[in-house]
**Student:** 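Sharing a structure with you now.
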Protein chains: 2
Amino acid sequence: MKHAMMKFGGWGDPRKAYDLASRPFLWDFVHAQSGLGRDVVSPPRSIDDIAVPAPREGADFLAAVAGAIGAEHVSQDPRVRLLHAHGKSYRDLLRARFGTPARPPDAVLFPGSGAEVEAILAAATRSSVQVIPFGGGTNISGGVEVDPSRAGLAVAVSLRRMNRVLAIDAVARTARIEAGILGPELEATLNAGGYTLGHFPDSFEFSTLGGWLATRSAGMQSDAYGKIEDMVQSLTLCTPSGTLVTPNVPRSATGPDLTQLAVGSEGTLGFITEAVMRIRPLGVREYRGLLVPGFANGIALARELAHRGAMPTTARIANPQETALGFAMKPASHGAEAWFARGFKSYLRHVKRFPMHEACLMIVGFEGATKAEIRERRKRTLAVCREFGAVDLGTGIGARWFAGKYDYPYLRDVVMDRGGMVDVTETAAPWSVLPALYEDVKTSLHAALRQGEFPGYVGCHLSHSYASGACLYFTFAARAERGNELPQYLATKALVFDLLLKHGATPTHHHAVGFELLRWMPAHLGPTGVQFLRGLKQAVDPQNLCNPGKLIPGDTPALEHYWPLAATRPAARK
Amino acid sequence: MKHAMMKFGGWGDPRKAYDLASRPFLWDFVHAQSGLGRDVVSPPRSIDDIAVPAPREGADFLAAVAGAIGAEHVSQDPRVRLLHAHGKSYRDLLRARFGTPARPPDAVLFPGSGAEVEAILAAATRSSVQVIPFGGGTNISGGVEVDPSRAGLAVAVSLRRMNRVLAIDAVARTARIEAGILGPELEATLNAGGYTLGHFPDSFEFSTLGGWLATRSAGMQSDAYGKIEDMVQSLTLCTPSGTLVTPNVPRSATGPDLTQLAVGSEGTLGFITEAVMRIRPLGVREYRGLLVPGFANGIALARELAHRGAMPTTARIANPQETALGFAMKPASHGAEAWFARGFKSYLRHVKRFPMHEACLMIVGFEGATKAEIRERRKRTLAVCREFGAVDLGTGIGARWFAGKYDYPYLRDVVMDRGGMVDVTETAAPWSVLPALYEDVKTSLHAALRQGEFPGYVGCHLSHSYASGACLYFTFAARAERGNELPQYLATKALVFDLLLKHGATPTHHHAVGFELLRWMPAHLGPTGVQFLRGLKQAVDPQNLCNPGKLIPGDTPALEHYWPLAATRPAARK
């Protein structure tokens with residue numbers, strides 16, 4: 001394994017930690033919501049202290065694979081196996097901290113080409129081996145862990161060696177790219193040619209193109225450039241029954257869209273090994289902060305921007321609680337800056353009569369070819385914002401948000417260290433549904449999270465807008481119940497998923513299904529929808545070798561393992 | 001049958017014919033390309049002179065269906081059966097003229113609701129009856145005819161009674177609409193509420209929402225509003241194994257996109273009975289004509305418009321031959337108008353040194369909320385057009401094009417009456433492929449169509465643009481070879497489809513596969529792609545009752561019937 005990987009029991013770069021010391025207001029805010037103290041009460045465990053079961057027997061398969069991809073690209077090192085055991089959900093980190101991770105794969109394979117992936121699938125088919133695609137390992141829906149209910153060998157297949165931009169078509173503005181490339185690798189290569197893909201999910205630093213495609217990922221600029229499924233023109237999917245290369249054309253009427261059938265398949269149909277992606281020239285950018293009075297008003301504002309064609313490249317609107325968290329995360333300010341901040345707040349409150357307790361921070365980003373273009377679009381966007389009572393805070397806060405946008409996940413580790421439960425859940429629904437959906441989820445979450453005087457934290461931001469609706473992204477936190485961490489967590493998530501389905505919303509706009517949402521899929525897609533997914537699976541993977549137990553209900557009895565019903569009985573909700 | 005239908009052996013409204021008399025220049029142009037004379041040599045046959053085989057026996061099924069949808073909605077009238085025997089391709093019209101139409105369905109059913117469609121499917125499953133979905137009957141790829149290679153009863157199921165707009169969500173800007181609604185019915189209802197769908201295919205007057213969805217239809221404003229697959233948010237698909245209602249959300253990450261799997265399924269997976277479509281407010285419009293020097297230059301111009309964000313609502317660029325046809329279709333002009341036209345042409349040629357023999361007519365349409373918005377967008381678009389040497393002809397020619405945009409298909413009947421073969425074929429490919437693809441198709445078509453001094457007609461226009469490529473739409477015509485009409489036609493189309501695949505282009509951007517493209521599907525999608533389509537079919541229609549023999553290669557031996565290999569041997573190309 002030649003590739004740096006994330007921490008095992010936490011997020012991100014092992015050399016990096018969230019800088020709590022320089023944020024003097026943050027912990028008071030966290031404490032007020034959750035009651036959590038400043039002391040570390042539940043430190044992460046070193047990966048070296050975790051017992052790893054011996055790999056299962058699979059000499060024939062491993063010999064065949066070593067012959068095909070080189071013995072040096074097959075690892076049974078316990079540490080490597082552990083690092084490919086699961087993703088980065090709260091559940092995953094809990095298990096890592098408890099020293100009881102998911103069953104690790106028996107080996108990790110590092111193929112270097114599509115042909116080598118095909119060879120792995122051929123060997124897996126002969127020996128009935130479970131194969132789990134692995135990109136950056138940032139998945140938070142249980143999408144990259146072994147199905148523990150299946151007997152036999154299980155291997156993780158890391159695509160990280162397949163990290164090249166193979167070709168750029170400057171006329172069509174597309175690039176053919178291998179699936180195992182990390183976000184920063186991809187952008188560095190494209191940027192060198194004057195291009196960008198324009199896909200920047202929160203996990204950007206550690207996630208791969210293949211992972212984005214397999215899970216229908218969304219990025220921070222998706223308002224302008226679309227989700228990953230809008231950026232992909234063609235892809236290569238290696239299945240146990242053959243390799244699909246979808247037509248490399250802008251549009252086609254040759255039947256159901258096979259590209260859109262592979263996108264979001266979460267490894268259950270095979271491995272996405274490369275893709276032709278639409279790219280765009282690098283340009284200039286500007287990010288600004290605004291304050292919007294009231295979250296319902298903010299939803300209405302985003303809708304208006306979408307309907308009037310005034311949607312910027314990025315438009316994120318945080319609810320008051322998430323806005324308060326954002327301000328609490330500010331470093332200490334001194335002298336003139338502090339004086340100015342106090343004065344501006346006072347001006348808003350007294351002169352503009354801005355309802356500060358309902359203030360919603362809106363981040364508005366513009367990207368374009370020229371400064372003139374950005375100026376023109378900014379004018380149009382801000383005019384609509386002003387109609388909704390928004391106050392422009394300028395580019396300082398926008399630049400700060402842009403610079404720190406990948407740091408949020410590190411904060412989770414800090415909260416977990418101090419005994420906190422913290423997780424996210426996101427959805428999309430029509431504009432007509434969103435206000436009631438938001439109120440319902442917020443109220444129900446607070447009811448579930450409240451512990452005595454501490455109401456629990458329920459942040460939310462509107463993250464992506466479409467003509468017909470938007471994505472709401474919730475973050476919730478409270479004190480973890482010692483000894484009952486997992487049931488507490490599963491009950492809280494179950495509560496949200498039930499509510500989302502009740503409102504006709506999707507239980508995930510861009511985090512995918514994995515194991516986590518399996519229980520809700522029959523209700524969400526209906527029996528015929530599930531039958532279609534099974535038909536696709538049956539067509540190319542009749543042995544159910546590819547990422548079994550994810551996405552498609554009924555494949556295996558894994559569900560009960562992953563989401564024990566007992567844990568989510570109402571009684572478990574304290 | 002209470003619904004007016006198109007002519008049987010020709011296009012469109014039975015009371016309407018193409019007005020040749022008021023176009024004094026047209027036939028000279030047609031003659032110069034094809035050698036066709038003015039006399040009608042091959043008049044259409046009256047539908048009443050065509051022998052209709054007796055329907056096959058199916059009393060049990062018909063009784064069950066009559067019980068479910070009402071006996072008055074089950075027709076075995078020979079005329080009704082004939083009118084639902086096939087669509088409107090050149091092959092279809094040839095067969096109608098020869099009095100040898102496709103095997104007509106044994107009955108035509110007119111359900112009034114999704115529940116009635118479900119009842120029909122249940123009865124069909126019990127009795128193994130072939131069911132063909134029928135909307136407006138405008139299909140030109142053999143998509144609505146009976147599979148003649150299958151034994152047993154075959155019925156067409158017309159959805160024309162299901163033509164209501166069920167609900168409008170003004171906040172989310174979506175409308176729930178029944179699939180059997182015709183274009184004009186749909187727009188009239190939406191317009192009354194201040195909305196439009198914005199989907200205007202050439203067949204608009206006679207085609208239905210369900211047909212658009214089943215074939216991935218494109219409209220004249222798709223540059224701005226997208227193809228039908230971009231406008232649909234959710235749909236209901238009744239299959240023999242149950243009904244799928246896809247989630248009504250703007251986006252989702254719950255696996256492969258089931259809506260995009262049903263869109264383009266051409267009735268092979270069941271019946272699309274209703275859909276939630278994204279709608280927009282009615283606005284103002286402006287259409288202009290421009291002359292662009294050179295078609296390759298025109299392709300480069302469209303690409304630039306797409307890449308600079310200056311693409312108008314409509315941008316169609318005709319090649320020189322199609323441009324000449326357009327000018328030949330002008331009514332006689334008199335007095336000042338004729339003098340001005342001559343003067344302007346002379347000015348272009350002599351003062352601006354515009355290469356008139358390479359002139360390409362470009363139609364540019366703007367639709368928007370306000371005149372000011374259109375003004376601003378026009379300015380941006382025309383600035384780019386001028387960089388490519390385009391000359392603005394003003395709104396007169398644009399308005400004329402807009403007013404006559406549904407009349408072109410009527411011209412085909414006039415040409416066929418006079419012994420001509422005329423057909424269309426369309427494709428999409430990356431910008432980097434289009435110039436060579438265009439030259440190759442044009443040259444090869446002329447080689448195939450040339451008859452002595454007459455070169456044959458090969459018109460082409462760039463009809464839809466995307467960031468990464470565009471759709472080219474070819475129209476070709478020549479004298480039909482008496483007694484060899486069908487082989488001549490099939491050889492010509494085969495030639496084009498072979499070339500499109502050779503260039504990696506799609507053989508259809510919006511006309512769908514039907515029977516016509518079946519032979520090219522294995523090469524276009526590859527064996528794994530075909531396996532996925534079969535897996536979808538197997539999942540919900542294991543008896544292969546729903547529109548058998550279309551889209552999915554290998555379902556039936558129908559291919560040889562529809563496209564006899566003998567007819568397309570190179571020897572057959574004169």
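Letters go in sequence order (proteins before strands), and every chain restarts at 1.
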**Student:** Name the region of A262(A), side chain, backbone, both or neither, that has any atom closer than 4.5 Å to a heavy atom of chain B.
**Tutor:**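 Answer is neither: A262(A) stays 4.5 Å or more from chain B.
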**Student:** So, using side-chain contact (heavy atoms from CB on, under 4.5 Å) as the criterion, who are the partners of Q538(A) when residues are at least two apart?
**Tutor:** P542(A)
**Student:** Measuring heavy-atom distances to chain A, does A214(B) have an atom under 4.5 Å in its side chain, in its backbone, in both, or in neither?
**Tutor:**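 For A214(B), no heavy atom lies under 4.5 Å from chain A.
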**Student:** Within this structure, what is the OG1-NE2 distance for the pair T254(A) and H509(B), rounded to the nearest 0.5 Å?
**Tutor:** 11.0 Å
**Student:** Please flag which part of A512(B) lies under 4.5 Å from any non-hydrogen atom of chain A: side chain, backbone, both or neither.
**Tutor:** both
**Student:** Name the option with the most non-hydrogen atom pairs under 4.5 Å to chain A; the candidates are P430(B), G529(B), P256(B).
**Tutor:** P256(B)
**Student:** Under 4.5 Å heavy-atom distance to chain A, tell me which part of F532(B) shows up: side chain, backbone, both or neither.
**Tutor:**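 Both backbone and side chain of F532(B) come within 4.5 Å of chain A.
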**Student:** With a 4.5 angstrom heavy-atom cut-off, could you sort out which part of L533(A) is near chain B: side chain, backbone, both or neither?
**Tutor:** side chain
**Student:** Shortest non-hydrogen contact from P250(B) to Y466(A)?
**Tutor:** CB-CD1, 3.8 Å
**Student:** Please classify the contact of E266(A) with chain B as side chain, backbone, both or neither, using a heavy-atom distance under 4.5 Å.
**Tutor:**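 Looking at E266(A), just its side chain touches chain B.
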**Student:** Quick check for you: among V245(A), L261(A), T427(A), which has the greatest number of heavy-atom pairs under 4.5 Å with chain B?
**Tutor:**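 Most heavy-atom pairs under 4.5 Å with chain B: L261(A).
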**Student:** State, yes or no, whether a side-chain contact exists between D257(B) and V263(A) at a heavy-atom distance under 4.5 Å.
**Tutor:**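 Side chain of D257(B) against side chain of V263(A), heavy atoms only: no contact under 4.5 Å found.
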**Student:** In terms of heavy-atom pairs under 4.5 Å, which option from A539(A), P507(A), A172(A), A467(A) contacts chain B the most?
**Tutor:**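 Between A539(A), P507(A), A172(A), A467(A), the count favours A172(A).
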**Student:** Contact part of A306(A) toward chain B, heavy-atom cut-off under 4.5 Å: side chain, backbone, both or neither?
**Tutor:**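 The answer is neither part of A306(A).
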**Student:** If I measure from the heavy atoms of chain B, does D169(A) come under 4.5 Å with its side chain, its backbone, both, or neither?
**Tutor:** side chain
**Student:** Any heavy-atom pair between the side chains of T528(B) and S241(A) that's under 4.5 Å?
**Tutor:**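 Result no, sub-4.5 Å side-chain heavy-atom pair not found.
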**Student:** Which region of L551(B), side chain (C-beta onward) or backbone (N, CA, C, O), has a non-hydrogen atom less than 4.5 Å from a non-hydrogen atom of chain A, or is it both or neither?
**Tutor:** side chain
**Student:** Please look at L237(A) and chain B and tell me whether the side chain, the backbone, both or neither of the residue comes under 4.5 angstrom of a heavy atom of that chain.
**Tutor:**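 Interface part for L237(A): side chain.
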**Student:** Under 4.5 Å from any heavy atom of chain A, what part of R303(B) do you find: side chain, backbone, both or neither?
**Tutor:**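 The side chain, not the backbone.
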**Student:** Quick one: which of R280(A), E426(A), Q233(A) has the most heavy-atom pairs under 4.5 Å with chain B, could you say?
**Tutor:**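 Highest number of heavy-atom pairs under 4.5 Å: Q233(A).
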**Student:** Check whether any side-chain heavy atom of H307(B) lies under 4.5 Å from a side-chain heavy atom of P281(A), and answer yes or no.
**Tutor:** no
**Student:** Given the options T243(A), N248(A), T174(A), which has more heavy-atom pairs under 4.5 Å with chain B than any of the others?
**Tutor:**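 Max contact count across the listed options: T243(A).
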**Student:** Checking heavy atoms, do the side chain of L525(B), its backbone, both or neither come under 4.5 Å from chain A?
**Tutor:**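 Looking at L525(B), backbone and side chain both touch chain A.
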**Student:** Is the backbone N or O of G255(A) less than 3.5 Å from a side-chain atom of R216(B), with the two atoms forming a donor-acceptor pair by type?
**Tutor:** yes
**Student:** To the nearest 0.5 angstrom, please state how far the CZ atom of R380(B) sits from the CD atom of E373(A).
**Tutor:**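 Reported to 0.5 Å precision, the distance equals 8.0 Å.
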**Student:** What part of R278(A) is in contact with chain B, defined as an atom under 4.5 angstrom from a non-hydrogen atom: side chain, backbone, both or neither?
**Tutor:** side chain
**Student:** Where on E304(A) is there a heavy atom nearer than 4.5 Å to chain B: the side chain, the backbone, both, or neither?
**Tutor:** neither
**Student:** Please confirm whether the backbone N or O of R173(A) pairs with a side-chain atom of S468(B), one donor and one acceptor, at under 3.5 Å?
**Tutor:**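 The answer is no, because no donor-acceptor pair under 3.5 Å joins these two groups.
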**Student:** Please classify the contact between V513(A) and chain B as side chain, backbone, both or neither, with a heavy-atom cut-off of under 4.5 Å.
**Tutor:**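 Interface part for V513(A): both.
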**Student:** Sort A218(B) into side chain, backbone, both or neither according to what part of it lies under 4.5 angstrom from a heavy atom of chain A.
**Tutor:**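 Contact with chain A is absent: no heavy atom of A218(B) under 4.5 Å.
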**Student:** Under 4.5 Å from any heavy atom of chain A, what part of S252(B) do you find: side chain, backbone, both or neither?
**Tutor:** both
**Student:** If I measure from the heavy atoms of chain A, does H511(B) come under 4.5 Å with its side chain, its backbone, both, or neither?
**Tutor:**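 It is the backbone, since no side chain atom gets that close.
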**Student:** Is it true that a side-chain atom of Q260(A) and a backbone atom of Q260(B) form a donor plus acceptor pair closer than 3.5 Å?
**Tutor:**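 Pair absent, no side-chain N/O of Q260(A) close to backbone of Q260(B).
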**Student:** Which bit of T239(B) comes within less than 4.5 Å of chain A, counting heavy atoms only: side chain, backbone, both or neither?
**Tutor:**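 Contact with chain A is through the side chain of T239(B) alone.
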**Student:** Below 4.5 Å from any heavy atom of chain B, which atoms of E229(A) appear? Answer side chain, backbone, both or neither.
**Tutor:** side chain
**Student:** Can you tell me which of A470(B), P527(B), G469(B), A300(B) forms the most heavy-atom pairs within a distance under 4.5 Å of chain A?
**Tutor:**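 Sorted descending by pairs with chain A, the first entry is G469(B).
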**Student:** Evaluate the side-chain proximity of R251(B) to H464(A): yes if any heavy-atom separation is below 4.5 Å, no if none is.
**Tutor:**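 No; the side chains remain at least 4.5 Å from each other.
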